[in-house]
Amino acid sequence: MTQTMDRRSFLGLGALGALAAGAGLAGCAPQPSGAGAAPEALGETGEATPAGIARKEGSETKECDVAIVGAGAAGLMAALNLARGGKKVVVIEAGPSAAISNFSMCGGPTACETKLQAQENATVTLDQIFTYMNDFSRGSVNSALLRNCLAHTGEAIDTMLDLGIGMELIPDTYGVGFRGRHFFMEDGEGRTAPIVADIEAHGGEFLYSTRGEKIIMEDGVAKGVQTDAGIDVMAPVVVVCTGGFGGNEEMQLEKLNTTVFPLGSTLSDGTGINMVLDAGGAWDRNFAVLGNECGAVSKATTSPFTEDWHNTNEHLGYWLFGGLYTDPVGERFISEGKIAQFPLAVGGEALLRAGKAYVIMDNDYYQAVQNEGIYAYLGEPEAWIAGPEAGYYNVTPENGEAHLQEAVEQGWAVKADSIAEIAAAFDLPALEKTVENYNRFCEAGVDEEYGKESHFLKAVKTAPFYAFEYVPSCWGTNGGVKVDSHLRAVDKENKAIPGLYVAGVDQGSVYSVPYYTNEGSSVGLALGSGAYVAAEILGA
């Protein structure tokens, strides 16, 4: 493996069958039925019952040792290890198969001390990755839990490799100082089917197209899961890992203060989180997103990507380029170079906080991106590590004008002869002053506001001018209910709820704000948490 990045490494994505078929895109994914819309359930009259999720006795009962809600990264890894450890496991999955989760679509996990790292003489130690991520979190996560989950990431990777699931260790895409990302070579079915088969070979059972509805509690102890299929899955241990709340706009507004276009599975709609809250659990404090490293989306977006991972409208890529960005009043709000360097972490959080943002450019910039390309136009700065691959999202001359016209007609782009016209079109009262100041910084080569690197400073002075409006999008959410360092759900007094565990992104105690800058952290921690929760249950 060379240290040269290719486009797939930069994206953190592959030509995944699940996404190519539209399984995870918001425009064509199976839509949530509403079960996760609120921690209340509809009673006999169709009105919400304030006491919580209604208990409905099932017409059928299944007995097992561990009931797992969700067949994503955490659920599959937990089920695999528990089944191999002799536990009777039933996995409850809302989708028609395990190949529809965010895990089946993602590029690949970060991990430490794996076979692939050893083979390439690039081992990342537990101490190294823990120190980096714990320092990045600045004390905002459960440090013991972070270490415990990371300690099991290598085990999870090696287990998948042993099952024949192909991966490759990719370069340090964003310059964090180590090679933690393991890129999947298999598509959704190719990576989930071997795990499912092994679970079933060890006696595990899957209930597909079945939603968990409620944790069955007796005297404050978890005893099983009520499902929408009329089956009560009874077990002394319940593990909830349903993939966050990317498909739930109400929860997005509550926790993120904006809606976010879901690039991942909309079946992850907060159902698991609400089940734990209903059982006496409590929210944790950190809420973030795994942002869109391919650029951004517009308010008119229905399907963001082509089959070869270009944006369906090529003017959505400017969010990666480090130009002039403003908030909804026309003021700068961050060093745009940081977004270009860390589009998932810093970029995702920045756009989330702004709610929507505007990229402003002049004709020189606009034409250069289509002809020279962004990296060459900026002078090929070595300091911009992701720069050579960001050029994959240059606007092409053959599509530029047609896509611009589409964006103008859809209302998220403006081409004008003056900055004043753009300010009026998007109601950006501070924009003219912002551009004036920005041009002064560009001429001096010094950003006096945010210290942006000089190679990103390109003046906005040659008419016509362009502006593009972007809104947040994400592959998934990070943040959920509070757990202790053993992944046990805790109540509002921080006491563990007996028999109830939460893994993956449904728990909010190990994910930082913003998203960690070492890519693959979300799914890496999910896999690690699945392996860790299994070890905890087997050792109990």
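Under the 4.0 Å criterion applied to side-chain N and carboxylate O atoms, Arg181 and Asp172 are not assigned as salt-bridge partners. Salt bridge absent: Lys88 and Glu63 never bring a charged side-chain N and a carboxylate O closer than 4.0 Å. Salt-bridge formation is not detected for the pair Arg353/Asp327: no Lys NZ or Arg NE/NH1/NH2 atom is positioned less than 4.0 Å from an Asp or Glu carboxylate oxygen. Here Asp232 pairs with Arg55 in a salt bridge; the nearest charged N to carboxylate O distance falls below 4.0 Å.
In this structure, a donor-acceptor pair under 3.5 Å is absent between the side chains of Asp162 and Thr159. For Thr242 and Asp506, the side-chain atoms include at least one donor-acceptor pair closer than 3.5 Å. Inspection of the Thr301 and Ser298 side chains reveals an N or O donor paired with an N or O acceptor under 3.5 Å. Using modelled atom types, one finds a donor on one side chain and an acceptor on the other under 3.5 Å when comparing Thr517 with Tyr132. Donor-acceptor pairing under 3.5 Å is lacking for the side chains of Ser485 and Asn148. Side-chain contact of Asp127 with Thr125: a donor-acceptor pair under 3.5 Å is absent, judged by distance alone.
No side-chain donor-acceptor contact under 3.5 Å links Thr123 to the backbone of Glu113. Put simply, the side chain of Asp228 gets close to the backbone of Arg211: a donor and an acceptor are under 3.5 Å apart. At distances below 3.5 Å, at least one donor-acceptor pair connects side-chain atoms of Thr114 with backbone N or O atoms of Gln117.
Smallest separation of non-hydrogen atoms from Pro262 and Gly246: CB-O, 3.4 Å. The two atoms that bring Gly524 and Thr153 nearest to each other are O-CG2, 3.4 Å, heavy atoms only.
Counted within 6.0 Å of NZ on Lys338, heavy atoms from surrounding residues, nucleotides or ligands total 12 or fewer; the atom is thus considered open. Heavy atoms of other residues, nucleotides or ligands lying less than 6.0 angstrom from CD of Glu200 number more than 12.
Between the CE atom in Met77 and the CD1 atom in Ile199 there is a gap of 8.5 Å [rounded to 0.5 Å]. Between the CG atom in Asn286 and the NZ atom in Lys482 there is a gap of 11.0 Å [rounded to 0.5 Å]. The line from CZ of Arg147 to CZ of Phe130 is 6.0 Å long, rounded to the nearest 0.5 Å. Going from atom CD1 of Ile339 over to atom CD1 of Ile334 covers 4.5 Å, rounded to the nearest 0.5 Å. Taking OG1 of Thr306 as the reference point, atom CG of Asn311 lies at 8.0 Å (rounded to 0.5 Å).
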Item checked: Residue pair Ser509, Asn142: steps toward the side chain to side chain donor-acceptor pair (under 3.5 Å) verdict -> CA-CA 6 Å; Ser509 302; Asn142 182 324; 5.6 Å; no
Margin query: Between Phe261 and Tyr470, does the ring pair (Phe, Tyr, Trp, His ring centres under 6.0 Å) criterion hold? Intermediate values first, please.
Written below: CA-CA 11 Å; Phe261 185 95; Tyr470 296 148; over 10 Å; no
Next item on the list: Check the pair Leu207 / Val91 against side-chain contact (heavy atoms from CB on, under 4.5 Å), numbers first and verdict last.
Entry: CA-CA 6 Å; Leu207 300 179; Val91 182; over 6 Å; no
Margin query: I'd like to know whether Gln252 forms a side chain to side chain donor-acceptor pair (under 3.5 Å) with Asn257, so could you lay out the CA-CA distance, the side-chain angles of the two residues, the decisive distance to 0.1 Å, and finally the verdict.
Written below: CA-CA 7 Å; Gln252 290 174 12; Asn257 199 35; over 6 Å; no
Note to self: Evaluate Glu249 against Thr259 for side chain to side chain donor-acceptor pair (under 3.5 Å), listing each step before the verdict.
What the structure shows: CA-CA 6 Å; Glu249 287 192 358; Thr259 58; 5.3 Å; no
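Aromatic rings from Tyr515 and Phe136 are positioned such that their centres are separated by 6.0 Å or more. Taking the six-membered ring where the residue is Trp, the centroids of Trp475 and Phe305 are separated by under 6.0 Å.
Figure legend: Arg488 and Tyr501 shown without cation-pi pairing, the cationic atom not lying both under 6.0 angstrom from the six-membered ring centre and within 45 degrees of its axis.
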